[in-house]
Each structure stands twice: as structure tokens, then as C-alpha cells.
Amino acid sequence: MTAVTPFPADARPLLEVRQLSQTYNLRRQKLFASRPTLRVLDTIDLSVRPGEAVGLVGESGSGKTTLTRMLTGVEKPMSGNVLYDGLDVWTGGEAHRKLFRRSVQVVLQNPRSSLDPRMRVGTSLLEPLRSLKIEGDHAARVLEVLDQVGLQKSALERFPHEFSGGQLQRIAIARALMPGPKVLIADEPVSALDVSIQAQVLNLLKDLVRDLGLGLVFIAHDLSVVAYTTSKVYVMSSGKIVEVGKPLDLFRNPQAEATQALVGAVLSVEAGLAGNALA
Amino acid sequence: MTSRNAIEVRDLVVGNGDVTAVRGVSFTIPQGGRMGLVGESGSGKSMTALALMGLLPMGWSTHGSVLHDGVDLVTQSDKALSSRRGRTISMVFQDPLSSLNPVRRVGDQISWVIRKHMGVDKKTAEQQTIELITQMKLPRPEQLVRAYPHEISGGQRQRIMIAMALACYPQLIIADEPTTALDVTVQKQVLRLLNGAAHDRGSALLMITHDLPIIAAMCDTVAVMYAGRIVEMGPVAEVFRNPRHHYTRGLLDSQPTMDNIALDGTSRLVSIPGMVPPLHDLPTGCAFNPRCAVATDRCRAEMPELSGDTLKSACWHPVPNSSEVAAQ
Ligand SMILES: Nc1ncnc2c1ncn2[C@@H]1O[C@H](COP(=O)(O)OP(=O)(O)OP(=O)(O)O)[C@@H](O)[C@H]1O
Ligand SMILES: Nc1ncnc2c1ncn2[C@@H]1O[C@H](COP(=O)(O)OP(=O)(O)O)[C@@H](O)[C@H]1O
Ligand code: SF4
Ligand SMILES: [Mg+2]
Ligand SMILES: [Mg+2]
């Protein structure tokens, strides 16, 4: 692994959204009625620095995935700004936008559906370089990334069905690392994995943040998983950020109602054995 | 052959001629008892459940015996099994959307089960359906019965499935990952309902999940499955506080909890290296040996059998008990 470089906590944000809002039009109820709208994101402020892992939690439908679509630039917000390295990605010019697209990569929940089953792993890994038109020694890059995620070279020749869920998630992470991103957005990356395998993937993400100085935006339902992986957590509810804090502080002393509900939903083996987990 | 047990499974083997997914599993759940079945995906939990229900996929067959309600389910005809499902033994699946009929109203689906098994008239069945839905704490029961499955949320659908499974006061309810597809905030509510309703009816519960906290919250005993076999079994508190099998220990250690998170972000979870072996290529001896830190030649050569008193483990070199671990 590369040498450990310190990433000062006061470093400037790499990726940031300011006062971001997004509204969707819903179906008309009646022919001539006006179209009802749904405000899915409401004046969101969020940022991530190099070497920092931030968590995003919230109940289903609170807007987490919608926010990642803004953070990765696949959707344009109705109002507010998305800044990469201090410059707006929608008005900062073509060159900046290109830099942003390769610098922010995403890892999704289910590696089985995010990797093409007919493609050898080696081909899948090269895909982002091709679509982002990145030049250079691709073969060397593949080997470097395989090493970072702890996969053998022999994986390149194989197909997705030959791997377990945890190995596939490593491959998905490797693919996201190929363009050399500065920020990784992981939307429920371990929800589909078994507990023992979850730990492997969470440890890998933590290593990448520490060793490569990546910024990580980590989304999950389960507060204890988020607390393990990140150092700052944003809590979302109905499209708003309702609380921000250190994971343990939120866990011990949740302020917002949504945070309290999430904390209350965490089950633990000890609480279960004590007989009060479902009380 | 009257028995006080909700189910007694002896040497259950489930295979399709090519591979064997369940390799000699035995357990007993007493009337009204709760057993958890944990294990990684592919360890054979669902195949065990489907075998008990007589719902195995085409080409798969069962050996051994499954005593339930005075009969051996393994020797029963498909027709006899079908007349039991939903009546003496019922099941809640992981994905309620694919197990409910998409073109029938949810209320009709519940009352159909009640009429089929309880021999009551339509009106009584409909009334009982409303009562069940009310017990499931679903909003506006009179309207909800008229909804189609796609018109309600995942959590609501799962509660409809539970209502259906409970409708005929079965002796045993098998729940296979009933909350895995649900949001955590809804999960607890659904578990609480399943817990209370099974208790009120005196139904025994077989709770299948890879989520250890759920088992700790709901079950009296737990069986840990690995590669088609039970590798450890006993009272939940004993198994979870003082596991002797290295796979169980690993599962518990992989669990992120608020206690094993360091404030400075330096904490690392213990993870079990490697992955579950494929069925067609199981290692000899203890199937866990390629992933076990203390495996010896004996582990690679001989398969350990379950042994022990209240806590039974299949391991040649059991994990030291918790006081020794605390001292190290
Ligand atoms: N294209 C769209 N048109 C209309 N509504 C949408 C659209 N995309 C998302 N929504 C709505 O926006 C809200 C937020 O959805 P989003 O997928 O961001 O939630 P989430 O927090 O990721 O939830 P989950 O935890 O279930 O993944 C939901 O009410 C959803 O139905
Ligand atoms: N329909 C099927 N055809 C072939 N193999 C199957 C089928 N269903 C399950 N299996 C295999 O049987 C084994 C046990 O599966 P399953 O009982 O579903 O595991 P679990 O529920 O513990 O995740 C796995 O190796 C799986 O691949
Ligand atoms: S039998 Fe051997 S390989 Fe298997 S769990 Fe015990 S020590 Fe490990
Ligand atoms: Mg989402
Ligand atoms: Mg299963």
C-alpha cells in the first residue's frame, strides 16, 4: 500500500453541495388539475474532505439515493450548487466537468446487478477508463487497483458468477477506483452481504480512506455500520438534513426525531439476550 | 406417535442427485418454542425450510425424518402436504411481493386461506381477516383489505404475509429472512408483531436469518449452519456469549456494535477470511477448515460430529470459554 500521508481536518472540501434542492413532478390526479410536486431534497448542505469518511443515514425514501445522483452529477439539481474542488460542476466549464466525472465514483448495493454477467472481470475493470476516455497504461493500472482491494490477478479472467458476494463487492470497488477518483460514494455497499463478509468490505473501505486519502460518502440504513466506517454522520429525513454529528454522539444523545428513530431501530446481540430488544 | 414437539427433524438430507445442500441436520422445536437458524448465504437454511414445507424445487429430494403433528412429513404425499401448509405449518418468505398473488386483493388472499382450512363461511372469514389486519397494526383495515399487493409498502406487505401465516393458528411458523428486505425502522415493528402474535397463538417459531441480533431478541435456542450442517446448537445466551465453534465466534466478532467502535476511527472489525466453499467442492474434514485460524491436520482429515450437553458443537479444537478469552 502507499505511504500514509496526513490529511489535515481543516483541508478544504473536495466535494460539496450547498443549499441543494430537487423537486419532482408527480402524475396528475385529474386531467386538468395542476401536477403535484414532491420536494425530495430540501436545501441540503454537505461536504467531504480528502481522507474523510462521512456517513449519510435516513429511513427509506428520505432522499439518500437522490442526493448521490446529485453528488455524482448524473442529475442536475433544481437549485443550489454542487462544487468539486471549490468550483461548480454545472457552470465551471467542460474541462472541470470532465475532471469531476472521473474524480467522483460510485459503488452500489448489489454487485451482482452492477457488474455485467457476460463480461470477464478484467474487461469490466477497463470499462470506466474507456467510457471516460482516460489514456495511459491500463494494464498497469488494473494490477495496481487489484492490489489495493486485495484481489488476485487470476480474478481478471473470470466471470462474476464465479465469485461470492463479498468478492464481487471488492471487484465493484476496484472498478470504481480505476479512474483514480478522489471521492467514493458508496450507496448501501454492504446491505446485500453476509455479516462475516460485510466486515471484509467495511475494513477495505476504511483502508482506502486512510491509505489513498479518498473522501468517502457512505450510505446505510444501519447506524452501527455507519458509525464503524465514518467519522461524521448526516441524518436525513424527508429530504432535509436534520442532524449532523460524530457517530457516537448521535448514538448516545440523538436530538432529531429521525435520529432517535434510527438509534431505536438498532438491534444488538446484548440487548436481545437481555430480553428488551423488541420492547 | 403423539408428541409434545412442534417439529422433530432427524438426519435431514436434501439433495438433487448432483449436490447435497443439507447434509444430515437434526433439531427439535418444542411446542411454542423458538429456534433460530443462522448461517451465511448458501449454507442451506432456505433448503431446510423448503424441505420442511414440502416446497423444494423440481429435482430435489429429502431423506431422513421430519415428525410434525403425529406424522412423518418426509413420507407424506404432495396432496397431504399441501393440505397442511397454512394450517399446521406455515411460512413467511423474504420477499412478500413474489409470494403474494399480484392480481388478487390482499384481504381476499387472507380470507381464502381461512376458508380453505377452517371451514368457515365467507362472511366469518372476512371478519377474521379484518381482525387479523387490525392486530397487525395496519392502518384503515377496511380499506387495506381491498388493496392489491403492489399498492402497499414492503413493510405492510410483510405484515399481510404474517397475518396469513398466523390465520389458522399453526403449530409451527417458519420465517425465512422475514425482514431482510425491509427498512431497519420497519424491521423492528414487524419483528415485534411476529413475536407477539406467535406467542398469543402458542405457535412455535423457526426464525431463519443471518442477523444475529434478531435471533438474540426472539429465540430460545439457535442452530448455526455451515455448508449444509449444523456446527453449533444450544440456548441462545450460551451460544452467543460462549461459542465453542470458530465459525460462530467469527460471526459474532464480525458484528459491528457500538462497543467495538473506537472513538478515533482506528477500530477494525474482525472478519472471517475467505468464503463459503461451493457445494460441489467441499473440503474434507471440517468444512470450515480453510477459513479457520487454528485448523490442524485432524480438522482437514476427519469431520467433527456435534457433541456436548446443552451446548453442542462440532469442533476438534473448541474456542476457549469466555473467561479464558477475557484473560488473554
Ligand atoms: N424520478 C423520481 N420521480 C419522482 N419521485 C422520485 C424520483 N426519484 C425518487 N423519488 C422519490 O424521492 C424520495 C427519495 O427517494 P430516494 O431513492 O432518494 O430514497 P432513499 O433515501 O435512497 O431510500 P432507500 O433507503 O429506500 O434507498 C422517495 O419518496 C422517492 O419515491
Ligand atoms: N433451485 C436450486 N438449484 C440448485 N441449487 C440450489 C437451488 N436452491 C439452492 N441451491 C443451492 O443449495 C445451497 C443452499 O441454499 P440455500 O438453502 O438457499 O441457502 P441459504 O438459505 O442458507 O442462503 C446453495 O449452495 C445453493 O446454491
Ligand atoms: S474443527 Fe478444526 S477447522 Fe473446524 S472449526 Fe474446529 S478447529 Fe476450526
Ligand atoms: Mg436508496
Ligand atoms: Mg435463504
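In this text the structure is predicted, and so the values were computed from the model without any measurement. In what follows, every heavy atom counts, from backbone to side chain, and hydrogens, waters and symmetry copies are set aside. Below, chain A is the first sequence line, B the second, and so on; all start at residue 1.
For B:E151, the CD atom counts as densely surrounded, since its 6.0 Å shell holds more than 12 non-hydrogen atoms of other residues, nucleotides or ligands. The 12-atom threshold is exceeded at NZ of B:K188, counting heavy atoms of other residues, nucleotides or ligands nearer than 6.0 Å.
Closest approach of B:M218 to A:L278, counting heavy atoms only: CG-CD1, 3.7 Å. Nearest approach of A:V269 to B:A216, heavy atoms of both residues: O-CB, 3.5 Å.
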Query - Trace of the side-chain contact (heavy atoms from CB on, under 4.5 Å) decision for B:Q187 with A:L267 - result: CA-CA 10 Å; B:Q187 161 173 310; A:L267 292 172; 3.5 Å; yes
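For the options B:G196, B:G154, B:G274, heavy-atom pairs under 4.5 Å to chain A are most numerous at B:G274. Ranking A:Q198, A:Q167, A:K246, A:Q200 against chain B, the residue ahead of the rest is A:Q200, based on heavy-atom pairs under 4.5 Å.
Residue contact with chain B, scored on non-hydrogen atoms closer than 4.5 Å, involves the backbone and the side chain of A:L273 alike. At a 4.5 Å heavy-atom cutoff, the contact between A:S268 and chain B is made by backbone atoms alone.
One N or O on the side chain of A:N203 and one on the backbone of B:L269 form a donor-acceptor pair closer than 3.5 Å.
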